[in-house]
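Please read all numbers here as calculations on a predicted model, not as lab measurements. To find a chain, count down the sequence lines: A is the first, B the second, and so on, and within it residues start at 1.
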Amino acid sequence: MVPRKRSLSSLFRDARLFYFKEAILLAKYGKETDAKWQKKWEDTGLYKFNRDRVDKKFYCLAMFSYPSAANLHVGHWWNFGLTDSYARVKRMQGFEVFEPMGFDAFGLPAENFAIKTGVHPRDSTQQNIATMRGQLRTMGAMFDWDYEVVTCEPDYYKWTQWLFLKLYERGLSYRKAAPVNWCPSCNTSLANEQVDGTSCERCQTEVTKKHLTQWFFKITHYAEALLAGLEKLAWPEKTKTMQKNWVGRSTGASIRFAVADSTAEIEVFTTRADTLFGCTYMVLAPEHALVDLLTAPERRGEVELYRDYVNKQSEIDRLSSTHVKTGVFIGAHAVHPLTGDQLPIWIADYVLATYGTGAVMAVPAHDVRDFAFATQYGLPITRVIGGATPEVDDAVPFVEDGILVSSAEWSGLTSATARERIVEQLVTNNQGRATINYRLRDWLVSRQRYWGAPIPIVHCDTCGIVPVPENELPVLLPYNVDFTPDGQSPLSKSEEFLRTPCPQCGIEARRDTDTLDTFVCSSWYYLRYPDNRNASAPWDPSLINRMLPVDMYVGGPEHAVMHLLYARFITHALCDMGYVNFTEPFKALTHQGIILGADGEKMSKSKGNAVSPDAYIDIYGSDVFRLYLQFGFNYLEGGPWSEDGIKAVARFVDRVERLADRVGELGRGARPQSLGPAEREVEYVVHNSIKSITRDIETFGFNTCISRLMEILNSLGRYDTEAAPKHAGFMRDSFAQFIRLLAPFAPHLAEELWAKLGHKNSVHLQEWPQHSEAALVKDTVELAVQVNGRIREKILVPSDVEEEAIKAVALTAEKVAPFLAGMKIHKVIVIKGSLVNIVVKPE
RNA sequence: GCCGAGAUGGCGGAAUGGCAGACGCACUUGACUCAAAAUCAAGCGUCCUCUGGAUGUGAGGGUUCGAGUCCCUCUCUCGGCACCA
């Protein structure tokens, strides 16, 4: 075991000692090369994170993965391997890169596998993790396994439970009875974010509603902070937009309507207070709490019938916008707050109990849904907004802003002004107020499944809900449990787990038998990584505040409103509680695309189009596989797998090795005193590549990085065959530069060739090359000469020549002349280093 | 329906408003070979009257000396949201 605290120089010394030992250089790159260097890197602790250099830290994180039984798939390589190449560049650039790895190990697949095969989730998960660890090592990434995190281990979930308790103390975790999303196939409740339209995000089964008492995290408390925090994040705009939409902030007014012959009031939320005078009826959601109270006796039968009918409708039907709206009058009337008119109160399935107040003021003239409903049931339609200009098509429903009409003293105002003025009046009358509504719902975290972190709560008949004291954590997940899914929490069937003395009164009580959503486990793992062995606290703030935020986070876009929103919420909450001093955990974010099967379909075993990395690695070695992934696709887009592509990359590696042999044959000749044209040409390509790669790696443009490497190789190959005289020293230096640039992208191959060049230390301890602008200035440049934007000629001019001289050459160029005949030269535009455009008009 | 992203050779994909197609794949031709593979060299958008010219980045308009790139309209593809008051 390598001690953790090591200075860079001691690392360097160890590495040197090791590298001084005679290295067996292999004839040709392949998996043996991989194995050899992986062992050396591990033995020398080459990639161990050095805490002494935390001020230079670069926390590079790829979303950890679920441990699966099979070998690594293309997606793992794509995410982890390429992120590693990015991190390697950062490391060569002088950063102390922190690149940990771990496993999101709780969750349904292991439990479902157990139900099918009888293998306990703990056993299968541990087995899978062992397999994956081994597999991940063959990738040759810089993972520092000293910092591994496994979420299903008690030393991790102890702190997941701690997190739950802290949120509970703070009032951010609470229990309530509510209709919740229920997946009949997974047999558990789900959070809103985990329902994809109307189906379960995991298994695509259509979700139903179930009335349950469950634990929620009060993410809505952070709605505003989560929106504001997005501003400063270097995240894809698309992802930020998705989060914004998910939070769904909408500004409007809350208006209270009195009910005739009743003390009850109906509160509605509206973004269109300007249309208040057009309100001709009220609608409550069928589930609204006031329905029972307000329904007239003679309407009760019909109302009950209707509520039953709505109950039986499936979610998918009710939410469909093509669904024909239905509803019934409940026999009561509301009073318009400004006119005193009596407005019939209806219940209808188009009003959602879960948004706003579950009630709306219906303005059929200015809302498409109210319009459809009013038309269908013959309710009055009163127009109160006119088009701002006569050209506006003002058929009803007219949903745009305009000028108020038939609205008492507010007539003539614009919608925007009226919204403010009408609310002011309502405030004066104590009938309403300006308010903001969010679409975001609190995060339901209870799951009626076995393989998760137990909720650290005890239910006591006398004391009620009692949190498990911190010093009694973790609440261990018992091993022997019947986890056949039947909708009951498996833990409720375990007597040994269930029964426990109440921490407060000591009388026998019952533990909470639900487990936490696995998204809770993954909402804080990035905080545990740097301090993963801390037994007395989830982390040491003095360390974490220096290690975080994550500098680059890489993972799939499918987590945009799940994991990424949850993690931000938890960090905001932890900051408020003083456990960390930052609110945003992920400074920068990159979403990788998806590698599809050769048929363009998503890879899957059932489709038979899955590509096994192992087969290719066996033949070509892991760097060839990694290089192909880097070269063959745009990282942000992905694309279909191609067999031909990987052969092309294997060929590139062959050529690199042949060139290395040539460099060996040529020996260590001197560098030329001054560079000749042939050398200048090579220098140009090398430095142009350094500049491009350094820039492109920042945006994960691996494909163009590899292209630039190929250009260097082509250039050196040309130099080798064509230059006379040829300078061995120059060739060797240029090749060494190439190997440095290659190192992050093909770490084993580069290491092998670096050793072959006679170097005694690792190429991965080298500094990243810097380009020289001087090398990018060519002696002569080729300029395109255009006449009216069309290329007519190409001229060679010295690069330092003045604009006037360029014009002169261009105007007298042989093939240009015919196009100038009989024309008047209007102007001549010179773009240095690129082109000349002669603008002419007929004389 | 609303919001967002995208459309470039036979294919994967490049191009701070400045020579479209970098870098590759596939293909064609040549060299080497008894032959094949490998390798090396050359060619490779389309069309024509072919040492040249015209045309060309989903379609149509516009701005500009100059547009794949900026603006408008449309088509299609992909993502997200969707009775959210």
Side-chain angles (χ1 to χ4, degrees), chain A residues 196-198 236-246 248-250 252-253 268-272 275 283 285 318-325 348-352 354-363 366-370 372-373 399 437-441 557-558 560-561 591 628 631-634 636-637 639-649 651-652 654-655 658 688-689 692 695-696 701 703-711 713-714 717 721 782-794 815 826-841:
Chain A
D196 183 3
T198 55
E237 280 309 314
K238 188 187 154 100
T239 308
K240 293 207 246 181
T241 306
M242 280 173 72
Q243 291 213 349
K244 263 181 217 158
N245 293 343
W246 191 261
R249 182 186 206 269
S250 89
V268 302
F269 173 75
T270 179
T271 55
R272 294 298 305 271
T275 65
V283 189
R318 188 166 164 191
L319 287 179
S320 153
S321 46
T322 55
H323 177 64
V324 178
K325 299 169 183 33
D349 57 359
Y350 78 95
V351 172
L352 305 173
T354 49
Y355 183 76
T357 59
V360 302
M361 61 175 217
V363 186
H366 304 292
D367 181 283
V368 286
R369 297 149 301 178
D370 296 338
F373 191 76
V399 297
N437 221 318
Y438 299 92
R439 207 188 76 112
L440 184 68
R441 297 275 74 99
E558 66 275 15
V561 288
H591 292 310
Y628 171 56
F631 179 63
F633 310 84
N634 177 311
L636 308 183
E637 290 166 13
W641 177 261
S642 145
E643 184 79 21
D644 294 335
I646 196 160
K647 286 183 188 149
V649 169
R651 191 148 43 192
F652 165 69
D654 279 348
R655 292 176 60 210
R658 261 181 278 133
N688 184 49
S689 295
S692 304
R695 183 193 60 221
D696 292 353
N703 52 353
T704 49
C705 290
I706 308 300
S707 294
R708 297 292 93 79
L709 291 172
M710 287 173 168
E711 283 175 12
L713 184 70
N714 291 344
T721 52
E782 192 190 57
L783 300 183
V785 182
Q786 302 179 328
V787 178
N788 284 349
R790 298 189 175 184
I791 295 165
R792 299 303 176 184
E793 168 82 286
K794 291 189 178 178
K815 289 174 189 161
H826 190 62
K827 62 174 151 175
V828 180
I829 293 154
V830 178
I831 308 294
K832 275 216 159 182
S834 178
L835 56 74
V836 180
N837 190 10
I838 304 165
V839 185
V840 297
K841 285 177 179 173

Any chance the rings of A/F652 and A/F631 have centres within less than 6.0 Å? no
Check: A/T275 and A/M361 side chains under 4.5 Å, non-hydrogen atoms: yes
Using Watson-Crick or G-U wobble geometry with both distances under 3.5 Å, which nucleotide pairs with B/rG4? B/rC78
For B/rC81 versus B/rA67, give the span between their P atoms, rounded off to a whole number of Å. 40 Å
So which one's nearest nucleotide on RNA chain B is more toward 5', A/K815 or A/R651? A/R651
Does a distance-only test, which skips hydrogens and angles, find a donor-acceptor pair under 3.5 Å between the side chain of A/N837 and the base of B/rC65? yes
Mapping A/R655 and A/A648 onto RNA chain B by nearest heavy atom, which one lands closer to the 5' end? A/A648
Decide yes or no, distance alone: a donor-acceptor N/O pair under 3.5 angstrom between the base of B/rC83 and the side-chain of A/K325. yes
Side-chain contact, heavy-atom cut-off 4.5 Å: A/V787 with A/V840? yes
Could you tell me whether the side chain of A/R708 has a donor or acceptor atom within less than 3.5 Å of a complementary atom in the base of B/rA22? yes
Going by purine N1 to pyrimidine N3 plus the second Watson-Crick contact, or the G-U wobble pair, all under 3.5 Å, which nucleotide sits opposite B/rG12? B/rC23
OP1 or OP2 of B/rC23 less than 4.0 angstrom from a side-chain nitrogen or oxygen of A/N703, does that happen here? no
Look at the aromatic rings of A/F373 and A/Y350 and report parallel, tilted or perpendicular, splitting at 30° and 60°. tilted
Do the side chain of A/K647 and the base of B/rC25 come within less than 3.5 angstrom through a donor-acceptor pair of N or O atoms? no
Could you give the CE-to-P distance, from A/M710 to B/rG12, as a whole number of Å? 17 Å
How far, in whole Å, is B/rC76 from B/rG60 if one measures between their C1' atoms? 15 Å
Go through B/rC65, B/rA20, B/rU55 for me and flag the one nearest to the A/I791 side chain. B/rA20
In whole angstroms, the gap separating P of B/rG4 from NZ of A/K244 amounts to 12 Å
State whether A/N714 places a side-chain N or O below 4.0 Å from either non-bridging phosphate oxygen (OP1 or OP2) of B/rG24. yes
If I take atom CG in residue A/D644 and atom P in nucleotide B/rG24, what distance separates them, rounded to the nearest angstrom? 16 Å
Describe the nucleic acid contact of A/R658 in one word from base, sugar-phosphate, nothing, applying a heavy-atom distance below 4.0 Å. sugar-phosphate
Measuring only between side-chain heavy atoms, which start at C-beta, is A/I838 closer than 4.5 Å to A/V785? yes
